[in-house]
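Along the sequence shown, the residues carry numbers beginning at 1. Keep in mind that what you see is a predicted model, and the values were worked out from it rather than measured.
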Amino acid sequence: MILLDGSLIFLTDGAGESLAALPGLARLAQATNNHLTIVHMIDPDDQRNDDDHRIAAAVGQLGATPPPAVLTLLAGQLGALLAALAPDKPRCLALCPARPNPLVRLLAGDDAERLLLATGLPLLALPATRGLPAPSRVLFAADFAPRSAAAFEATLDLCRVLGAELHLLHVYGADRLLPGEQDTAARAGTQTIRELLELDRQQLRALHDRAAARDLVVRTHTAEGRAHAAISAYAAANAIGLIVLASHGPRSAEDVLLGSTTPRTIRAASAAVLAIPA
């Protein structure tokens with residue numbers, strides 16, 4: 001299983017706002033049978049010396065037995081750590097990403113985007129509130145791409161373990177995958193918009209039925225607009241605790257400049273976002 005029975009690796013700069021996420025991460029790790037590891041990423045030029053005490057205090061307040069491991073790494077050493085940490089088991093990264101404005105993002109990059117591209121691992125991006133309540137409702141953004149199948153299966157596993165209600169959302173709009181990712185033969189044979197919509201409804205029903213067969217409570221919905229905006233709005237309106245996305249990376253010049261659906265959803269959403277590379 002992609003996200004169960006492995007390692008949940010929390011990357012933190014040691015700031016108090018970031019450490020506020022620890023209780024929720026510890027609960028999630030316990031529920032999914034993941035070993036929680038805290039990685040304190042430091043900049044060699046950063047002269048702060050109270051981070052270690054702050055992290056130790058936050059870990060102590062968890063009361064976990066055994067407590068999560070705490071490692072300190074210089075920026076740039078993450079690759080070596082990942083190679084050493086149980087490479088034969090599933091691993092998921094977690095962090096409180098900075099949410100830069102578009103100009104800063106273009107010049108300096110985006111934390112979550114860089115990690116997804118560099119590691120190829122699932123990434124749990126915590127919301128701006130830095131909290132992580134136990135999610136009772138999980139939203140999966142259904143794009144119907146064959147490469148998203150593994151992310152959907154992982155979402156079903158998570159909902160089963162967490163006892164969460166599953167919401168399936170498909171967004172109609174400009175954010176569409178390349179034609180090679182879709183059922184192009186069936187689509188080429190359609191003659192009206194109504195027929196195209198019926199193809200999407202059939203795929204959404206198929207996902208619903210697969211989830212219902214796992215005894216999950218499932219809700220299906222559609223929306224129109226830009227994917228990141230529609231996903232974020234739906235999550236806010238329906239008390240979604242966790243958004244799951246299959247991340248495909250940038251696919252257009254706009255994606256390169258502003259970010260693809262995944263990083264834009266992370267910046268806009270008030271809920272935690274779990275991005276699974278497709």
Side-chain angles (χ1 to χ4, degrees), residues 1-4 24 27-28 31-32 92 122-129 131-177 181-183 193-248 261-262 264-276 278:
M1 298 182 188
I2 292 179
L3 300 170
L4 306 179
R27 288 192 298 269
L28 180 63
T32 55
C92 179
L123 177 69
L124 177 62
L126 302 172
T129 59
L132 185 64
S136 59
R137 294 181 177 181
V138 173
L139 170 63
F140 180 76
D143 58 22
F144 306 143
R147 289 195 300 161
S148 301
F152 180 63
E153 285 298 319
T155 304
L156 298 183
D157 290 336
L158 273 179
C159 288
R160 177 181 56 80
V161 168
L162 299 174
E165 181 178 277
L166 174 62
H167 289 236
L168 299 173
L169 175 67
H170 177 62
V171 181
Y172 299 97
D175 302 280
R176 302 307 299 266
L177 296 175
E181 293 285 354
Q182 305 186 51
D183 45 356
I193 293 295
R194 186 181 298 275
E195 291 176 342
L196 286 171
L197 293 178
E198 181 55 30
L199 284 177
D200 285 340
R201 291 193 185 101
Q202 290 173 8
Q203 295 215 49
L204 197 58
R205 282 197 294 269
L207 294 181
H208 173 281
D209 292 346
R210 285 168 60 188
R214 306 274 188 96
D215 295 325
L216 297 177
V217 177
V218 193
R219 315 290 182 193
T220 58
H221 304 268
T222 58
E224 188 173 357
R226 299 308 301 268
H228 67 282
I231 292 167
S232 302
Y234 181 90
N238 292 275
I240 298 296
L242 178 65
I243 300 168
V244 184
L245 300 172
S247 180
H248 298 274
T261 295
T262 296
R264 293 176 83 172
T265 302
I266 289 172
R267 293 195 295 269
S270 57
V273 177
L274 176 60
I276 302 177

Anything under 3.5 Å between a donor and an acceptor, one on a side chain of residues 204-212, the other on a protein residue two or more places apart or in another chain? List them.
{"unit_1": "Arg205", "atom_1": "NH2", "unit_2": "Glu198", "atom_2": "OE2", "d": "2.9"}
{"unit_1": "Arg210", "atom_1": "NH2", "unit_2": "Glu153", "atom_2": "OE2", "d": "2.5"}

**OP:** Of all the heavy-atom pairs spanning Asp200 and Phe144, show the shortest one and how long it is.
**Re:**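 Minimum heavy-atom separation between Asp200 and Phe144: O-CZ, 3.5 Å.
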
When you compare the side chain of [Y] with that of [X], does any pair of heavy atoms fall below 4.5 Å?
| X | Y | value |
| --- | --- | --- |
| Ile276 | Ser247 | no |
| His170 | Gln203 | no |
| Asp157 | Leu3 | no |
| Thr265 | Leu245 | yes |
| Cys92 | Leu123 | no |
| Thr155 | Leu274 | no |
| Val218 | Leu168 | yes |

Subject >> Partner set under side chain to side chain contact (heavy atoms under 4.5 Å, CB included) for Ala246, not counting sequence neighbours >> reply: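 With neighbours one apart ignored, the set is Asp143, Ser148, Ala151, His248, Ala278.
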
Subject >> Listed partners of Thr32 passing side chain to side chain contact (heavy atoms under 4.5 Å, CB included), at least two apart >> reply: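 Only Leu4, Leu28, Asn34, Leu158, Val161 meet the side chain to side chain contact (heavy atoms under 4.5 Å, CB included) criterion with Thr32.
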
Subject >> Qualifying residues under salt bridge (Lys or Arg N to Asp or Glu O under 4.0 Å), relative to Arg137, sequence neighbours excluded >> reply: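 With sequence neighbours excluded, Arg137 shows a salt bridge (Lys or Arg N to Asp or Glu O under 4.0 Å) to Glu165, given in chain and number order.
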
**OP:** Using a strict cut-off of less than 4.0 Å between a Lys/Arg side-chain nitrogen and an Asp/Glu carboxylate oxygen, indicate whether Arg160 and Asp215 qualify as a salt bridge.
**Re:**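 Not counted as a salt bridge, because no side-chain N and carboxylate O are separated by less than 4.0 Å.
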
**OP:** Could you go through the side-chain contact (heavy atoms from CB on, under 4.5 Å) check for His228 and Ile231 one step at a time?
**Re:** CA-CA 5 Å; His228 67 282; Ile231 292 167; 5.9 Å; no

Original post:
To the nearest 0.5 Å, what is the distance between CG (Leu166) and SG (Cys159)?
Top reply: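 Reported to 0.5 Å precision, the distance equals 4.5 Å.
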
Original post:
Please walk me through it: do Leu132 and Leu124 pass side-chain contact (heavy atoms from CB on, under 4.5 Å)?
Top reply: CA-CA 11 Å; Leu132 185 64; Leu124 177 62; 4.2 Å; yes

Listed pairs under 3.5 Å, donor-acceptor, residues 233-243 side chains, sequence neighbours left out:
{"unit_1": "Tyr234", "atom_1": "OH", "unit_2": "His167", "atom_2": "ND1", "d": "2.7"}
{"unit_1": "Tyr234", "atom_1": "OH", "unit_2": "His221", "atom_2": "NE2", "d": "2.7"}
{"unit_1": "Asn238", "atom_1": "ND2", "unit_2": "Tyr234", "atom_2": "O", "d": "2.9"}

